[in-house]
Peer 1: 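Structure below; questions to follow.
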Amino acid sequence: MTMAVNSVPPPSTGRRQVSYGTPLTYALALAIAAVSIAPVLYVVIGGFRTTPQIVADPAGLPDPIVWDNYARVLTQSNFWQQAFNSAVIALGTTLAVVVLGLAAAFVLARYSFRGREGLYTFFTLGLLFPAGAAILPLYLMLRDLNLINSYYAVILPQVAFSLPLTIVILRPFLSAIPRELEDAAAIDGASRLGFLWRVAMPLSRPALVTVGVLAFVASWNSFLLPLLVLSDVNLHTLPLGVQNFSSQYTTDTAGVLAFTSLAMLPALLFFTLAEKQIVGGLQGAVKG
């Protein structure tokens, strides 16, 4: 004789499980993506059209595809000079931000000293200080230091304004490294700098890539600071080049769109290639 055993449902926890895979969620994500991507696509596609085509049908597609706009921009010597200036400034800013930010975050994360948390709070307050409010005194200071019309006039302020965010992102990664690893490295004869170079840096790679990409993109797209401190045309960056080109060719809308798309392409590719590392770095900073 067999007895039927009724399965007892698990007790309810009183919390309703929420599914994030609903059609509304996907629709909202697609809408946000469309709003973000549409202007970029419009600029890129507009470069393959002629100005009369854009005037006749602003939202249309190239018919036929025109390559002359991009070819004309790429054959200009000013474009490559401005691209070189942007690369030097962006790479210099990125290198300085990563090195100085890593050093400061390592001290704030792994050293114990009086006033450490106050110093960290001081850096975080830098996130609340708008860069535009410091433009005038910054220009006067750079002028007194004879740095106007030089790469340093752009690199040094950009490094200063990027350090707070860099330290906020790097410190949780460095704090999360177990003390046992540091003790083991010390037993093997590694110094504090050796531990930083051989252990801390490899483990903090997502965060380092994150702060590096953010610093590079911000420097590449910077406009107001180079506009004020770089009056020499030979030192102009690509954002200034876009302004100069649009002022010179006010009626050539297609050419301006082509110049703009080429100017933003390096930063866009750099950001896209490091997307996964950026997400991992920001997640680690939030968890920390």
Side-chain angles (χ1 to χ4, degrees), residues 86-131 151-152 154-222 266-288:
S86 294
V88 171
I89 293 175
L91 292 176
T93 299
T94 303
L95 179 61
V97 166
V98 172
V99 172
L100 297 178
L102 178 62
F106 182 76
V107 172
L108 292 173
R110 311 298 298 188
Y111 286 73
S112 297
F113 55 90
R114 182 180 300 178
R116 183 182 68 171
E117 295 304 321
L119 183 59
Y120 178 69
T121 303
F122 176 76
F123 277 110
T124 57
L125 290 177
L127 296 173
L128 306 177
F129 187 78
Y151 292 142
Y152 297 107
V154 183
I155 293 176
L156 293 179
Q158 287 181 347
V159 171
F161 284 110
S162 299
L163 278 178
L165 180 61
T166 301
I167 294 173
V168 168
I169 294 177
L170 289 180
R171 191 194 186 197
F173 274 86
L174 298 172
S175 299
I177 299 176
R179 289 287 177 181
E180 291 77 6
L181 290 179
E182 188 172 359
D183 295 337
I187 293 175
D188 291 338
S191 61
R192 285 290 182 93
L193 290 178
F195 171 76
L196 172 63
W197 178 259
R198 299 177 183 178
V199 180
M201 285 182 60
L203 293 178
S204 303
R205 179 182 175 183
L208 293 175
V209 174
T210 298
V211 298
V213 171
L214 294 178
F216 181 90
V217 173
S219 176
W220 189 274
N221 295 330
S222 178
L268 185 62
L269 291 177
F270 194 49
F271 189 89
T272 303
L273 294 176
E275 178 184 1
K276 293 182 179 180
Q277 296 288 340
I278 294 175
V279 173
L282 294 178
Q283 286 178 346
V286 172
K287 291 180 181 179

Peer 1: Taking the side chain as everything from C-beta on, heavy atoms only, tell me whether V98 gets closer than 4.5 Å to T166.
Peer 2: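 V98 vs T166: side chains apart.
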Peer 1: With heavy-atom distances below 4.5 Å as the criterion, would you say the side chains of F113 and L108 are in contact?
Peer 2: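 Heavy-atom side-chain distance check passes, below 4.5 Å.
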Peer 1: Within 45 degrees of the axis of the six-membered ring of F123 and under 6.0 Å from its centre: does R171 put its NZ or CZ there?
Peer 2: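 No.
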Peer 1: Ring-plane angle category for F161 and F129, please: parallel below 30°, perpendicular beyond 60°, tilted otherwise.
Peer 2: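 Rings of F161 and F129: parallel, under 30°.
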Peer 1: To the nearest 0.5 angstrom, please state how far the CG atom of L119 sits from the OG1 atom of T124.
Peer 2: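 If we round to the nearest 0.5 Å, L119:CG and T124:OG1 are 10.0 Å apart.
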Peer 1: Mind checking the CG-CG spacing from D188 to D183? Nearest 0.5 Å is all I need.
Peer 2: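 Rounded to the nearest 0.5 Å, the CG-CG separation comes out at 11.0 Å.
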Peer 1: Check whether any side-chain N or O of T121 sits under 3.5 Å from a backbone N or O of E117 as a donor-acceptor pair, and report yes or no.
Peer 2: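 At least one qualifying donor-acceptor pair exists.
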Peer 1: Return the OG1 to CD1 distance between T94 and I89, rounded to the nearest 0.5 Å.
Peer 2: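 These two atoms lie 11.5 Å from each other.
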Peer 1: How long is the straight-line distance from CE of M201 back to CG of L102, given to the nearest 0.5 Å?
Peer 2: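 Here the rounded value is 6.0 Å.
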Peer 1: Please round to the nearest 0.5 Å and tell me the distance separating atom CZ of F216 and atom OG1 of T93.
Peer 2: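 Between F216 CZ and T93 OG1, I get 10.0 Å after rounding to 0.5 Å.
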Peer 1: Backbone N or O of A215 within a donor-acceptor pair of the S219 side chain at under 3.5 Å?
Peer 2: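 Not at all, since once roles are kept as given, no pair shorter than 3.5 Å links the two residues.
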Peer 1: Report, as yes or no, whether the 6.0 Å neighbourhood of atom CZ on R116 holds more than 12 heavy atoms from other residues, nucleotides or ligands.
Peer 2: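 Correct, the count exceeds 12.
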Peer 1: Heavy-atom count check: over 12 atoms from other residues, nucleotides or ligands less than 6.0 Å from Y152 OH?
Peer 2: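 For Y152, atom OH is not crowded (no more than 12 foreign heavy atoms under 6.0 Å).
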Peer 1: For the residue pair L203 and F173, establish whether any side-chain heavy-atom pair is separated by less than 4.5 Å.
Peer 2: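 A side-chain contact is absent here, since even the closest heavy-atom pair is not under 4.5 Å.
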Peer 1: Apply the side chain to side chain contact (heavy atoms under 4.5 Å, CB included) test between L208 and each candidate in V213, I169, L170; give the one that qualifies.
Peer 2: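 Single pass found, and it is L170.
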